[in-house]
Amino acid sequence: MVYKLMKYVFLGPWLRLLFPCKVTGVEYIPAEGGVILAGNHISVADSFFTPLYIKRRVTYLAKSEYFTEKGVKGTLKRWFFSGVGQVPIDRSGASAARASLDTGVRLLKQGHILGIYPEGTRSPDAKLYKGKTGVARMALEANVPVVPVAMIGTDKVNPIGSKIWRPGRIKMVVGRPLDFSRYEGMAGDRFVERSMTDEIMYRLMELSGQQYVDKYAAKVKEDLANQQAAGASVTPVEGRGPGTVTRLPGTKAG
């Protein structure tokens with residue numbers, strides 16, 4: 001009920017009015033059954049606009065910190081994130097990561113749409129970074145398709161560090177489902193999962209037009225923070241071309 005009220009009454013109409021969005025390819029999202037929406041992540045706003053233009057309910061795996069804050073503010077956060085379909089996950093270690101994967105697989109097998117950001121964190125500079133293989137593991141274990149969704153312009157609406165969104169136009173591009181049934185039964189094979197993840201990221205790069213960087217965004221953020229703490233000048237992260245995405249022979253970008 002809270003999800004529908006937010007989407008159709010309290011929040012959704014204002015988002016549509018203040019941030020006009022051109023949407024293409026939404027017909028590629030299956031009408032039923034489990035499916036992974038794999039998106040680029042350039043802004044917190046991505047998780048607000050993506051579900052707004054999809055008829056089915058979208059569930060995201062959100063960091064547990066959103067649900068553990070104390071006081072009135074914490075209560076309001078828990079109510080809001082739970083109401084809009086966020087499921088808390090612990091990202092503190094290997095066992096927590098496995099539990100997160102299990103939660104995702106369970107939701108997919110129940111027929112939910114699961115929104116995932118393969119980069120694992122927001123891009124620090126609007127470039128597209130190397131994807132983590134958890135998305136591939138979930139797709140294989142739940143036997144579901146992966147639909148790439150590229151958000152364009154949300155980093156201008158909600159720049160990193162900004163507390164107030166800026167009215168502007170955005171774009172959402174949904175790509176054709178990626179079918180990985182050729183890898184059925186191969187969950188746990190790190191080469192297969194790496195190939196699948198690279199294929200997903202390659203398609204997101206094509207849809208979004210972002211510059212691809214063959215590094216993990218979390219590591220880039222850590223390096224930038226260390227440079228800033230040391231008082232050194234921040235070195236820009238150089239992007240690579242499409243050819244830097246490695247794929248197993250016989251695979252294609254969708």
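Residues V26 and L207 do not share a hydrophobic cluster, defined by chaining ILVMFWY side chains whose heavy atoms lie under 4.5 Å apart. Residues Y183 and I36 share a single hydrophobic cluster, defined by chaining ILVMFWY side chains whose heavy atoms lie under 4.5 Å apart. Linking Ile, Leu, Val, Met, Phe, Trp and Tyr whenever their side-chain heavy atoms come within less than 4.5 Å puts M6 and W165 in one cluster. When hydrophobic clusters are built by joining Ile, Leu, Val, Met, Phe, Trp and Tyr residues whose side-chain heavy atoms come closer than 4.5 Å, directly or via intermediates, Y28 is not grouped with I152. Residues V173 and V146 fall into different hydrophobic clusters, defined by Ile, Leu, Val, Met, Phe, Trp and Tyr side chains chained together at heavy-atom separations under 4.5 Å.
Within a 6.0 Å radius of NZ in K171, no more than 12 heavy atoms belonging to other residues, nucleotides or ligands are found. Counting non-hydrogen atoms of neighbouring residues, nucleotides and ligands closer than 6.0 angstrom, the CD atom of E184 reaches no more than 12 such neighbours.
Among the candidates L101, L108, V105, the single residue satisfying the side chain to side chain contact (heavy atoms under 4.5 Å, CB included) test with E141 is V105. Test I42, V213, V220 against K127 for side chain to side chain contact (heavy atoms under 4.5 Å, CB included) and you get one pass: V213.
Shortest non-hydrogen contact noted between V58 and G115 is CG1-N, 4.1 Å. The two residues N158 and S162 come nearest to each other via the heavy atoms ND2-OG, 3.1 Å. A pairwise comparison of heavy atoms in P30 and R56 identifies O-NH1, 2.9 Å as the closest pair. Heavy atoms only, all atoms of each residue included: L204 and G39 are closest at CD1-C, 3.9 Å. Taking every heavy atom of both residues into account, K109 and A142 meet most closely at CE-CA, 4.1 Å. Closest of all the heavy-atom pairs between P177 and P145 is CB-CB, 4.3 Å.
Atom-to-atom distance recorded for K73:NZ and E69:CD is 5.0 Å, nearest 0.5 angstrom. The CD atom of Q210 lies 8.0 Å from the CE atom of M201; values are rounded to the nearest 0.5 Å. One finds the NZ atom of K22 at 13.0 Å from the CE atom of M172 (value rounded to the nearest 0.5 Å). Rounding to the nearest 0.5 angstrom, the gap separating the OG atom in S47 from the CG atom in L52 is 12.5 Å. To the nearest 0.5 angstrom, S123 atom OG is 6.5 Å from I160 atom CD1. Between the CG atom of D189 and the CG atom of L140 there is a distance of 9.0 Å, given to the nearest 0.5 Å.
Within the 4.5 Å cutoff, no side-chain heavy atoms of V192 are placed close to those of R137. Between V35 and L114 there is no side-chain heavy-atom pair separated by less than 4.5 Å. You'll find the side chain of L107 reaches within 4.5 Å of the side chain of Q110, heavy atoms only. In this structure, the side chains of I116 and L37 stay at 4.5 Å or more apart for every pair of heavy atoms. The side-chain heavy atoms of V174 and T24, taken from C-beta on, include no pair separated by under 4.5 Å. Contact annotation: the side chain of L178 approaches that of I200 to within less than 4.5 Å [non-hydrogen atoms, C-beta and beyond]. Here the side chains of R169 and P20 are in contact, with some heavy-atom distance below 4.5 Å.
Under the 30°/60° scheme for interplanar angles, the aromatic rings of Y60 and Y117 are found to lie parallel.
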Chi angles and distances behind the side-chain hydrogen bond (donor to acceptor under 3.5 Å, both in side chains) call for T121, K221: CA-CA 9 Å; T121 185; K221 285 184 175 181; 2.8 Å; yes
Residues R194, K130; criterion side-chain contact (heavy atoms from CB on, under 4.5 Å); working and verdict: CA-CA 10 Å; R194 181 74 263 161; K130 187 174 183 178; 3.6 Å; yes
ring-ring contact (aromatic ring centres under 6.0 Å, His included) evaluation trace for F49 with F19: CA-CA 9 Å; F49 289 109; F19 311 97; 5.6 Å; yes
side-chain contact (heavy atoms from CB on, under 4.5 Å) assessment of D46 paired with S43: CA-CA 6 Å; D46 298 331; S43 168; 4.1 Å; yes
Verdict with reasoning, V157 to F48, per side-chain contact (heavy atoms from CB on, under 4.5 Å): CA-CA 12 Å; V157 165; F48 288 81; over 6 Å; no
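With respect to the salt-bridge test (charged N to carboxylate O, under 4.0 angstrom), the residues D102 and R106 do not qualify. A salt bridge between E206 and R203 is present, with a side-chain N of the basic residue lying under 4.0 Å from a carboxylate O of the acidic one. The existence of a salt bridge linking K55 and E32 is excluded, since no basic side-chain nitrogen approaches an acidic carboxylate oxygen closer than 4.0 Å. Salt bridge R182/E199: present, at least one basic N to carboxylate O contact under 4.0 Å.
Judged by a 6.0 Å distance limit and a 45° cone about the ring axis, R57 is positioned over the six-membered ring of Y3.
By the ring-ring contact (aromatic ring centres under 6.0 Å, His included) test, H112 is found to be paired with no residue, residues two or more places apart in sequence or in another chain being considered. Qualifying ring-ring contact (aromatic ring centres under 6.0 Å, His included) partners for Y53, counting only residues two or more places apart in sequence or in other chains: none.
At distances below 3.5 Å, not a single donor-acceptor pair connects side-chain atoms of N40 with backbone N or O atoms of L128. Checking side-chain atoms of E119 against main-chain N and O of Y129 turns up a donor-acceptor pair under 3.5 Å. Judged purely by atom type and a 3.5 angstrom limit, S195 has no side-chain atom pairing as donor or acceptor with the backbone of F191. Remark: the backbone N or O of G188 is paired with a side-chain donor or acceptor of E193 at under 3.5 angstrom. T154 contributes no side-chain N or O that, together with a main-chain N or O of M151, makes up a donor-acceptor pair within less than 3.5 Å.
Contacts classified as side-chain hydrogen bond (donor to acceptor under 3.5 Å, both in side chains) and involving residues 5-20 (residues at least two apart or in different chains) are not found.
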